[in-house]
Amino acid sequence: MQGQALPGFRDFFPAEAALRQHIFAVWREVASRYGFEEYDGPPLEALELYTDKSGEEIVGQLYEFEDRGGRRVALRPEMTPTLARMVASRAQALKKPIRWFAIPQLFRYERQQRGRLREHFQLNMDLLGEPGPLADAEVIAAALDVLRALGFGPDAVRVRLSDRRVLRALLAHAGVSDPQLPAAYAAIDKIDREPREVLEARLAKLGLAEPVIAATLAVGNVRGREPFRAALASLPDGGEVADPLVECVAALDAMQLGAFVDVDLSIVRGLAYYTGIVFELFDAGRSLRAICGGGRYDGLLTALGGPDLPAVGFGMGDVVLGELLAERGIHPAGAAGLQAFLVGVTAEDTETVLALAHRLRDTGIRVEFALKAQSVGKQLKLAAARNAPRAVIVGPDERAAGEALVRDLGTGTEARVAFDRLNDVLAQQ
RNA sequence: GUGGCUGUAGCUCAAAGGUUAGAGCGCCGGACUGUGGCUCCGGAGGCUGCGGGUUCAAGUCCCGUCAGCCACCCCA
């Protein structure tokens, strides 16, 4: 059909634009509460920035082309390479830890589905230069506070936490060798989506013996704090490897966010570059895709050609978040509406209406008026449709007295107000 | 990239292969030339996603294509 946005791209009508603005405003507000500073980079980058350094999946989904100068370029599919470049260029000068966030529009050419388009906006929060678990807790808390600020509690939203280091230790203890780890991760990642027989067949193909397969799946099925503690107790060193995760959970408890937190070793995350704690936020009903995903990626900045800084961060997209809000019937208040609608009774009143409107607008009052001569009824109808709380009616009688008739469109009561007192009256409420 | 389901007005949906494709909501106008919401009346708005085919006749059946949704894949 003609006259439609490209597949996977969106038109933002006023209602959608208002929702987007609401989400952005909450993102910025929460990020600044955590002391994060906003940065941004170009939406178009040199192709090599991604082909050299991103994973194969991302490269296969790039929007790429040659610009008029013969350069191979790509729309950014993720923010991390840009972040790495920017941090690298000033790494020596930046006070650590670095707390930066951005709201980039990201592009990936792939088949669209619900909650997944070819373009979306994503809150990226990254904390660089601090390897300890309080840094992980800090970004997780920020992600949770975004959801809290949007009106969601622990009954609606959950964060599921794991740690690559713990998973590796438990799998090694179960008898999985290093080369077999990635495939074992992949199997655990699918533990909720594929039947047990399929997972067992996957692992068997890997050359794992039956007891090892059973132990691997058992590790993936560790959910909840008690089973987690029990699994750690089985480790020879008593689970020391899990200290960061344990401390991170304790920090979230101390921040009163513990009710949101589930330890869940089936959380793996697809990206290969995660090195420690990983987490995902979900709606409690699990009817949507992950709201947010992130984790620790020490070593990635170096791999991208940046400085050797430990890092932890997450991405949170606007699409799933918008769906979650819609599903819960939460609608933003929208842009600040009109405070008054000016009504001219006769054509001769237009000049006065224009003068009043401009004076009120100069003092910050939001007003509208009919752009052509219309009956008073017509104008009031428009005022009501615009949800204006008051109408300011000016006719020959009022003009002669230097007053306007201010009608409360909720109660229908009217009062005469001198022209020079209008802004005081309209500013109220 | 693979497979399945679905495409009719701005939106939600009718129309058992048979006149000129309808309704509700929304939009515009009127009843109502100094008072809105309600009501009543009228109007605009459709190449039935697009292209082929079958048939005396296609919104309806068939094929293709595009788009949307869903499941894979992968991830955000």
Side-chain angles (χ1 to χ4, degrees), chain A residues 1-11 13-15 54-62 76-80 103-124 143 186 189-190 193-194 198 267-274 278-282 287-295 313-324 340-349 370 373-399 404-414:
Chain A
M1 188 185 289
Q2 292 181 345
Q4 210 172 276
L6 286 170
F9 285 76
R10 297 169 286 174
D11 289 328
F13 287 90
S54 292
E56 239 176 81
E57 327 81 62
I58 287 179
V59 173
Q61 298 170 342
L62 280 175
R76 61 185 172 196
E78 58 169 341
M79 199 58 177
T80 309
I103 305 180
Q105 188 174 22
L106 305 176
F107 304 87
R108 291 188 186 179
Y109 194 92
E110 59 181 336
R111 188 140 173 186
Q112 69 162 324
Q113 266 181 57
R114 183 177 188 217
R116 174 201 211 160
L117 306 174
R118 288 180 173 178
E119 146 278 317
H120 76 143
F121 292 91
Q122 187 184 71
L123 170 65
N124 274 244
D189 187 44
K190 293 182 179 1
R193 282 170 289 164
E194 289 187 356
V198 176
I267 295 296
V268 175
R269 310 236 356 104
L271 296 176
Y273 57 66
Y274 287 113
V278 289
F279 65 94
E280 294 186 347
L281 265 63
F282 288 93
S287 64
L288 303 171
R289 294 164 181 280
I291 298 163
C292 161
F314 67 81
M316 182 188 294
D318 70 314
V319 178
V320 177
L321 214 47
E323 281 169 1
L324 184 62
F341 194 102
L342 307 192
V343 173
V345 177
T346 67
E348 286 67 45
D349 302 311
Q374 279 181 321
S375 71
V376 171
K378 257 274 150 60
Q379 296 180 66
L380 286 173
K381 205 172 278 196
L382 183 54
R386 293 282 201 256
N387 285 318
R390 295 185 176 107
V392 174
I393 302 167
V394 177
D397 301 347
E398 287 80 9
R399 263 191 295 131
L405 195 57
V406 176
R407 178 179 177 85
D408 186 307
L409 292 175
T411 63
T413 56
E414 294 181 342

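In what follows, chains carry the letters A, B, and so on, assigned in the order in which the sequence lines appear, proteins first and then strands, with residues in each chain numbered from 1. Just so it is clear, the model here is predicted, and its values are computed rather than measured.
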Measure from [atom1] on [X] to [atom2] on [N] and round the result to the nearest Å.
{"X": "Ile267(A)", "N": "rC75(B)", "atom1": "CD1", "atom2": "P", "value": "14 Å"}
{"X": "Gln105(A)", "N": "rA76(B)", "atom1": "CD", "atom2": "C1'", "value": "14 Å"}
{"X": "Glu194(A)", "N": "rA71(B)", "atom1": "CD", "atom2": "C1'", "value": "13 Å"}
{"X": "Arg116(A)", "N": "rA76(B)", "atom1": "CZ", "atom2": "P", "value": "10 Å"}
{"X": "Arg269(A)", "N": "rC74(B)", "atom1": "CZ", "atom2": "C1'", "value": "12 Å"}
{"X": "Lys190(A)", "N": "rA71(B)", "atom1": "NZ", "atom2": "C1'", "value": "14 Å"}
{"X": "Arg289(A)", "N": "rC69(B)", "atom1": "CZ", "atom2": "P", "value": "11 Å"}
{"X": "Leu62(A)", "N": "rG1(B)", "atom1": "CG", "atom2": "P", "value": "15 Å"}

Taking atom [atom1] in both [N] and [M], what distance in whole Å separates the two?
{"N": "rC32(B)", "M": "rG37(B)", "atom1": "C1'", "value": "15 Å"}
{"N": "rA15(B)", "M": "rG49(B)", "atom1": "P", "value": "15 Å"}
{"N": "rC62(B)", "M": "rG7(B)", "atom1": "P", "value": "12 Å"}
{"N": "rU39(B)", "M": "rG45(B)", "atom1": "P", "value": "25 Å"}
{"N": "rC50(B)", "M": "rC74(B)", "atom1": "C1'", "value": "31 Å"}
{"N": "rC56(B)", "M": "rU19(B)", "atom1": "C1'", "value": "15 Å"}
{"N": "rA21(B)", "M": "rG46(B)", "atom1": "C1'", "value": "9 Å"}
{"N": "rU65(B)", "M": "rA23(B)", "atom1": "P", "value": "37 Å"}

To the nearest 0.5 Å, how far apart are [atom1] in [X] and [atom2] in [Y]?
{"X": "Phe314(A)", "Y": "Leu123(A)", "atom1": "CZ", "atom2": "CG", "value": "4.5 Å"}
{"X": "Asp349(A)", "Y": "Asp397(A)", "atom1": "CG", "atom2": "CG", "value": "9.5 Å"}
{"X": "Arg76(A)", "Y": "Gln105(A)", "atom1": "CZ", "atom2": "CD", "value": "8.0 Å"}

Q: Give the minimum heavy-atom separation between Val343(A) and Ala391(A), together with the two atoms involved.
A: CG2-CB, 4.4 Å
Q | Heavy-atom pair with the smallest gap, counting every atom of Ala143(A) and Leu281(A) | A |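 For Ala143(A) versus Leu281(A), the nearest heavy atoms are O-CD2, 3.9 Å.
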Q) Can you find a pair of side-chain heavy atoms, one from Arg118(A) and one from Phe107(A), that are under 4.5 Å apart? A) no
Q) Heavy atoms, side chains only, cut-off 4.5 Å: are His120(A) and Arg10(A) in contact? A)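 Answer yes - side chains close enough.
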Q. What nucleic acid atoms does Gly294(A) come within less than 4.0 Å of, heavy atoms only: base, sugar-phosphate, or nothing?
A.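 It contacts nothing in the nucleic acid.
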Q: Would you indicate what Leu321(A) reaches in the nucleic acid, counting non-hydrogen atoms under 4.0 angstrom: base, sugar-phosphate, or nothing?
A: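 Nothing: the residue Leu321(A), judged by heavy atoms under 4.0 Å, touches no strand.
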**Q.** Pairing annotation in dot-bracket form, given for RNA chain B with Watson-Crick or G-U pairs under 3.5 Å and | for cross-strand partners
**A.** (((((((..((((....[...)))).(((((.......))))).....(((((..]....))))))))))))....
Q.
If we ignore hydrogens and angles and just use 3.5 Å, is the side chain of Gln379(A) paired with the main-chain N or O of Gly344(A) as donor and acceptor?
A. yes
Q) Do the side chain of Arg289(A) and the main chain of Arg114(A) share a donor and acceptor less than 3.5 angstrom apart? A) yes
Q. For Gln61(A) and rC75(B), is the shortest distance between a side-chain N/O and OP1 or OP2 below 4.0 Å?
A. no
(Q) I'd like to check the side-chain contact (heavy atoms from CB on, under 4.5 Å) partners of Ala404(A); sequence neighbours left out, ordered by chain and number. (A) Val392(A), Val394(A), Phe419(A), Leu422(A)
Q. Would you say Phe121(A) has more than 12 foreign heavy atoms packed within less than 6.0 Å of its CZ?
A.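 More than 12 within 6.0 Å, yes.
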Q. With the sugar-phosphate defined as primed atoms, P, OP1 and OP2, and the base as all remaining atoms, what B/S/- string results for nucleotides 26-36 of chain B, 5' to 3', for protein heavy atoms under 4.0 Å?
A. ---SS---BBB
Q) When you measure from the side chain of Arg111(A), which nucleotide among rC70(B), rC73(B), rC75(B) comes out closest? A)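 Out of rC70(B), rC73(B), rC75(B), the nucleotide with an atom closest to Arg111(A)'s side chain is rC70(B).
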Q.
Closest-nucleotide mapping onto RNA chain B: is Leu6(A) or Gly115(A) further toward the 5' terminus? I mean the 5' end.
A. Leu6(A)
